[in-house]
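One structure below.
Just so it is clear, the structure is predicted and the values come from calculations on it, not from any experiment. Here is the naming used below: chain letters follow the sequence lines, and residue numbers restart at 1 for every chain.
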There are 2 protein chains.
Amino acid sequence: MSHNMVAIAGRLREAGYRVTPQRQLILDSICAQGGHVTPEAVYEHVRTIAPTLSQATVYRTLHFLTEQGILTITQVDGGRFGYELAGPEPHHHLVCRACQASIELSHATLRPLYHAIEAQHDFAIDMNHVTFFGLCADCRHVARR
Amino acid sequence: MSHNMVAIAGRLREAGYRVTPQRQLILDSICAQGGHVTPEAVYEHVRTIAPTLSQATVYRTLHFLTEQGILTITQVDGGRFGYELAGPEPHHHLVCRACQASIELSHATLRPLYHAIEAQHDFAIDMNHVTFFGLCADCRHVARR
DNA sequence: ATGGATGCAAAAGTTTTGCAAAGAA
DNA sequence: TTCTTTGCAAAACTTTTGCATCCAT
């Protein structure tokens, strides 16, 4: 999935914010790495292109873009955060503990659970991202041997 | 829910580990606070009883007891960790973003989802703890006004 | 030109580690 | 006595913040 920089730039400018090379680079980087990216990974990647771009800018930009609804936070193993482009519909991930593979999970799969929880507990889950950890197909088969 | 210190102590000794006052205090503290406790909260609480007990010991003990299957890690808002006694069956939590209330969720509620994911993706989730964030019944009603 | 954004460096917060001393078995 | 565990302090990491400067608009 690619991002539409023109549309994003428009949204930002309309809200009175600026479209800087740093912000574009950081977005490009997240996109290039396919989402689920930690601040550190963004920094390391972006640094190869713009060596003076600071870590502070990475953190500030990630927060900012999340606040603007352009990125969303995902949980990453070890309690750290990952970021990725916010899609129009929430979606989720399965992450393999063995090989780190990341599999997309449609929101449709979780919807029944959300509804069940709402019915049982009158509780409205508002997470647009859930990450489940476990073993992927390949790694399960290896483990079984 | 209370913990059975005699049984836990036996398990540890059997495995060649020692049952120290610090370990007992830390377990007591987690139990007293009802689970979902951060390392910091454990430290602050235990400190009032044993002022010389160090943060390092808290961290080491939490890791150790988790490794021994006596505690489990739960996710806490903000990417930090919480700990609680490991029960015989996995269970989960709903945490209210507004009032921080923590509601227990039986594993039965999640089982259909786990099965669906296994059927669809041949992926075996191995999380014995999932935390969903959202709004609890009370806070939803307040928000609605 | 104007005010938002960046870079640098220092600070703040959290978790880990080395090592000598203490203490459970 | 033996070998695990603790306390202390320093180190390692990650994230945040202050402030002068820069630059997108």
Side-chain angles (χ1 to χ4, degrees), chain A residues 5-6 8-30 37-68 70-71 73-83, chain B residues 5-6 8-30 37-68 70-71 73-83:
Chain A
M5 183 56 80
V6 177
I8 291 175
R11 265 167 75 181
L12 291 183
R13 271 190 273 259
E14 220 169 296
Y17 299 111
R18 293 177 187 177
V19 179
T20 63
Q22 289 88 339
R23 288 180 174 170
Q24 297 184 55
L25 274 174
I26 288 169
L27 270 173
D28 285 346
S29 173
I30 289 169
V37 196
T38 61
E40 194 200 348
V42 172
Y43 177 63
E44 287 307 325
H45 184 254
V46 162
R47 207 144 95 94
T48 62
I49 301 166
T52 66
L53 199 159
S54 67
Q55 290 210 47
T57 297
V58 171
Y59 282 105
R60 280 189 287 225
T61 301
L62 294 175
H63 284 163
F64 169 76
L65 293 175
T66 301
E67 218 164 58
Q68 299 307 312
I70 290 162
L71 298 178
I73 297 185
T74 70
Q75 311 159 51
V76 164
D77 211 0
R80 309 260 298 281
F81 294 121
Y83 290 84
Chain B
M5 184 55 82
V6 177
I8 291 175
R11 264 168 77 181
L12 291 183
R13 271 191 275 262
E14 221 169 294
Y17 299 109
R18 293 175 187 180
V19 179
T20 63
Q22 288 88 341
R23 287 178 178 173
Q24 297 182 54
L25 273 173
I26 288 169
L27 270 173
D28 285 347
S29 173
I30 289 170
V37 196
T38 61
E40 194 200 349
V42 171
Y43 177 62
E44 288 306 326
H45 182 254
V46 161
R47 207 143 94 93
T48 61
I49 302 167
T52 65
L53 200 159
S54 67
Q55 290 210 45
T57 297
V58 171
Y59 281 106
R60 279 189 288 225
T61 300
L62 293 175
H63 283 163
F64 169 77
L65 292 175
T66 301
E67 217 164 57
Q68 300 305 311
I70 291 163
L71 297 179
I73 298 184
T74 70
Q75 311 159 49
V76 165
D77 210 0
R80 309 262 296 283
F81 293 121
Y83 290 85

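Side-chain proximity of A:Tyr17 to C:dA9, C:dG4, D:dG7: nearest is C:dG4. Candidate nucleotides C:dG7, D:dA9, D:dT16 were compared by shortest atom distance to the side chain of A:Tyr59, and D:dT16 ranks first. Between D:dT5, D:dT25, D:dT16, one nucleotide has an atom nearer to the side chain of B:Arg23 than all others, and that is D:dT5. Listed nucleotides: C:dT15, D:dA24, C:dT6. Nearest to the side chain of A:Thr57: C:dT6. Proximity note for B:Thr52 (side chain, C-beta onward) versus C:dT6, D:dT15, D:dG7: the nearest is D:dG7. Considering only the side chain of A:Val19, D:dT25 comes nearest among D:dC8, D:dT25, C:dT15. In the set C:dT6, C:dT16, C:dA24, C:dA24 carries the atom at the smallest distance from any side-chain atom of B:Pro21. Here the nucleotide nearest the side chain of B:Arg18, chosen from D:dA24, D:dC8, D:dT2, is D:dT2.
Nucleic acid contact class of A:Thr20 (heavy atoms, under 4.0 Å, all strands): sugar-phosphate only. Here B:Pro51 lies out of heavy-atom contact (under 4.0 Å) with every strand.
Rounding to whole angstrom units, CD of residue A:Gln55 and P of C:dC8 are separated by 12 Å. Whole-Å rounding puts the B:Ile26 CD1 to D:dT5 C1' distance at 11 Å. Here the P atom of nucleotide C:dA25 and the CD atom of B:Glu14 are 14 Å apart, to the nearest Å. Atoms CZ (A:Phe81) and P (D:dT16) sit 9 Å apart, rounded to a whole Å. Summarising the geometry, the separation between CG on A:Leu53 and P on D:dC23 is reported as 13 Å, rounded to the nearest angstrom. If you measure from atom CG of B:Leu65 to atom C1' of D:dT6, you get 14 Å, rounded to the nearest angstrom. At whole-Å resolution of the value, CD in A:Glu67 and P in D:dT16 are 12 Å apart. Protein atom OH of B:Tyr43 is 14 Å distant from nucleotide atom C1' of C:dG13, rounded to whole Å.
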Show, in sequence, the C-alpha distance, side-chain angles and deciding distance for A:Met5 and A:Asp28, and conclude whether the side-chain contact (heavy atoms from CB on, under 4.5 Å) test is met. CA-CA 9 Å; A:Met5 183 56 80; A:Asp28 285 346; 4.2 Å; yes
Step-by-step salt bridge (charged side-chain N to carboxylate O under 4.0 Å, His left out) determination, B:Glu14 to B:Arg11: CA-CA 5 Å; B:Glu14 221 169 294; B:Arg11 264 168 77 181; over 6 Å; no
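Between A:Gln22 and C:dG7 there is a side-chain N or O to OP1 or OP2 distance below 4.0 Å. OP1 or OP2 of D:dT15 has not a single side-chain nitrogen or oxygen of A:His63 nearer than 4.0 Å.
One donor-acceptor pair, N or O on each side, does fall under 3.5 Å between the base of C:dG7 and the side chain of A:Arg60.
Residues A:Leu53 and A:Arg47 fail the side-chain proximity criterion, which asks for heavy atoms closer than 4.5 Å. Between B:Ile70 and B:Leu27 the shortest side-chain heavy-atom distance falls below 4.5 Å. In this structure, the side chains of B:Ile26 and B:Leu62 come closer than 4.5 Å at one or more pairs of heavy atoms.
Not a single donor-acceptor pair under 3.5 Å links the side chain of A:Ser29 to the backbone N or O of A:Leu25.
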